[in-house]
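I have placed the structure first, in the form of structure tokens, so that the comments after it can refer back to it.
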There are 2 protein chains.
Amino acid sequence: MVEFAPIRSERVYEKVVAQVQSLILDGQLKRGDRLPSERHMVDQLGISRASLREAYSALELIGLIETRPRDGTFIKEEAGSSLHPLALFFLADDNFEEDFLELRRLLELQVAGLAAQKMDAQAAASLHSCVQRMAETIDDRMSIELDKEFHRRLAKGSGNRMLVSLLDAIAHVVDHHIEANRVHWFQQPEHRRRLVDIHTHVADAVAAADSEGARRWMEEHFGLVDEMRRLHQEVKV
Amino acid sequence: MVEFAPIRSERVYEKVVAQVQSLILDGQLKRGDRLPSERHMVDQLGISRASLREAYSALELIGLIETRPRDGTFIKEEAGSSLHPLALFFLADDNFEEDFLELRRLLELQVAGLAAQKMDAQAAASLHSCVQRMAETIDDRMSIELDKEFHRRLAKGSGNRMLVSLLDAIAHVVDHHIEANRVHWFQQPEHRRRLVDIHTHVADAVAAADSEGARRWMEEHFGLVDEMRRLHQEVKV
DNA sequence: GACGGTCTCTGGTCTGACCATAAGTCCAAG
DNA sequence: CTTGGACTTATGGTCAGACCAGAGACCGTC
């Protein structure tokens with residue numbers, strides 16, 4: 001059964017939002033940077049001021065930018081005061097990497113533990129098939145997709161939709177930051193083998209409803225991630 | 001030294017956003033509900049369509065609503081697919097309560113453990129002064145504020161700004177849902193005593209840099225919260 | 001040098017228009 | 001009768017242009 005995604009034409013303001021987010025994630029826009037004035041921006045983008053303001057108000061609401069009347073529009077300095085703190089995920093800086101990984105590790109361990117308690121045999125089998133395909137494919141990009149899919153299914157299996165949502169958000173940022181590096185990891189057969197190995201153990205533990213084991217192997221997973229990060233020091237996040 | 005907050009006039013679109021968020025949190029707007037058409041809404045609110053659309057685009061970006069061209073604007077059915085999954089916090093439903101508490105407990109335990117490792121003597125003392133004032137005041141609302149302040153300082157002390165942000169967001173929803181119930185808790189002297197007691201122990205553990213102890217007493221805290229929730233079955237979240 | 005007006009820039013708001021499209025309405029041709 | 005097409009009306013998406021308030025720069029007058 002093939003599923004078709006409904007056609008959804010992207011609105012102008014969404015393109016602007018995506019562009020600004022991209023620039024922030026890429027580090028081309030940093031905390032405190034000033035954006036062009038609305039009227040100049042409108043000229044550059046070739047859109048109406050109304051559309052631009054839709055984009056700006058959205059970015060402001062999620063806490064990424066800040067507009068100061070009679071002054072200008074700026075990338076937010078203190079993202080913490082925002083109503084929608086996920087914006088923090090975009091504003092990387094010095095300690096960002098550690099904070100980020102710490103949170104992710106915490107959530108993933110919890111997810112592994114919960115999934116082991118709640119996933120039925122069929123769901124656990126789908127984890128195994130994920131790992132299986134990961135082991136077989138020779139396409140690096142496919143490997144990465146399967147890796148992400150594994151964690152996604154695990155999160156769904158935890159039964160806690162908040163955890164699913166948060167990890168989704170994290171995955172979004174990770175995609176931007178470490179895609180290239182993850183390719184490196186998969187390209188080294190040794191690393192690839194260990195990754196597949198660990199994922200298998202997690203899946204095994206989940207299938208055996210072994211909550212503690214699932215946590216332990218997920219912990220192992222992050223140990224490996226740490227190790228790889230140290231190897232590639234240029235790795236961001 | 002008294003600090004004055006800069007005057008910040010609220011924009012029109014922010015008021016609209018706040019109103020919609022409120023209606024969702026209060027349950028007056030549920031998943032799938034249809035909002036009035038833009039032109040009707042404009043009449044009801046007495047604002048321009050441009051401002052309304054700023055509000056709608058912001059709400060759409062954070063995943064709370066969904067606009068379908070030539071159809072209408074609706075409260076989102078599946079908040080999970082959003083780019084900004086914190087919207088989930090607003091869309092309570094059946095299992096929401098458990099998921100929510102599970103996540104909060106996880107984060108608060110981590111915060112307690114980290115804070116014990118990282119907070120210096122002065123910061124720990126500020127925790128104690130919080131608890132002290134909590135024990136002394138007879139104003140219930142003040143007690144609640146001090147309770148929140150305690151957890152906020154603890155989060156800051158963890159040094160992980162992501163945790164701070166997430167707990168801020170959670171606090172925002174909690175404020176909407178359980179303010180009234182928290183008053184009940186504080187009104188019973190026995191409960192109040194135990195709450196103060198537990199907070200004191202957490203502060204003690206933090207001051208002693210006893211990470212495990214801080215986690216344990218925070219665990220105790222959530223045990224008490226669970227107990228109180230069972231007593232007041234009408235309690236939401 | 002000090003005062004005060006003016007000019008320009010900023011974001012905030014509003015008005016009114018146009019577009020594409022879907023759904024319903026109605027009428028005429030078959 | 002049914003059927004097909006035209007028309008109307010609703011929707012959201014976009015745009016152009018206008019006005020406002022306020023802050024700062026500029027410049028002339030006193």
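Lettering of chains follows the sequences in order, A, B, ..., and the numbering in each one begins at 1.
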On DNA chain C, does the nearest nucleotide to Thr73(A) precede the nearest nucleotide to Ala50(A) from the 5' side, or the other way round? Give the residue. Thr73(A)
Quick check on DNA chain D: between Asp71(B) and Ser51(A), whose nearest nucleotide comes earlier from the 5' end? Asp71(B)
[X] [atom1] - [N] [atom2] separation (whole Å):
{"X": "Tyr56(B)", "N": "dG13(D)", "atom1": "OH", "atom2": "P", "result": "11 Å"}
{"X": "Arg49(A)", "N": "dT13(C)", "atom1": "CZ", "atom2": "P", "result": "10 Å"}
{"X": "Arg11(A)", "N": "dC19(C)", "atom1": "CZ", "atom2": "P", "result": "20 Å"}
{"X": "Glu10(A)", "N": "dG12(D)", "atom1": "CD", "atom2": "C1'", "result": "16 Å"}
{"X": "Glu38(A)", "N": "dC19(D)", "atom1": "CD", "atom2": "P", "result": "18 Å"}
{"X": "Leu52(B)", "N": "dG12(C)", "atom1": "CG", "atom2": "P", "result": "17 Å"}
{"X": "Glu54(A)", "N": "dG12(C)", "atom1": "CD", "atom2": "P", "result": "14 Å"}
{"X": "Arg70(A)", "N": "dG22(D)", "atom1": "CZ", "atom2": "P", "result": "7 Å"}

What I want to check is whether the side chains of Tyr56(A) and Glu54(B) have a donor and an acceptor closer together than 3.5 Å. no
Pairing donors with acceptors under 3.5 angstrom, does anything connect the side chains of Arg11(A) and Ser57(B)? no
Does [N] have OP1 or OP2 under 4.0 Å away from a side-chain N or O of [X]?
{"X": "Arg53(B)", "N": "dG12(D)", "result": "no"}
{"X": "Arg39(A)", "N": "dC9(C)", "result": "no"}
{"X": "Ser37(B)", "N": "dT11(D)", "result": "yes"}

Closest non-hydrogen contact found for Glu60(B) with Tyr13(A) is OE1-OH, 3.1 Å
Determine the minimum heavy-atom distance between Asp33(A) and Gln28(A), stating which atoms define it. OD2-O, 3.9 Å
Looking across every strand, which nucleic acid part, if any, lies under 4.0 Å from Arg68(B) by heavy atom: base, sugar-phosphate, or nothing? sugar-phosphate
When the ring centroid of His128(B) is compared with that of His199(B), is the distance short of 6.0 Å? no
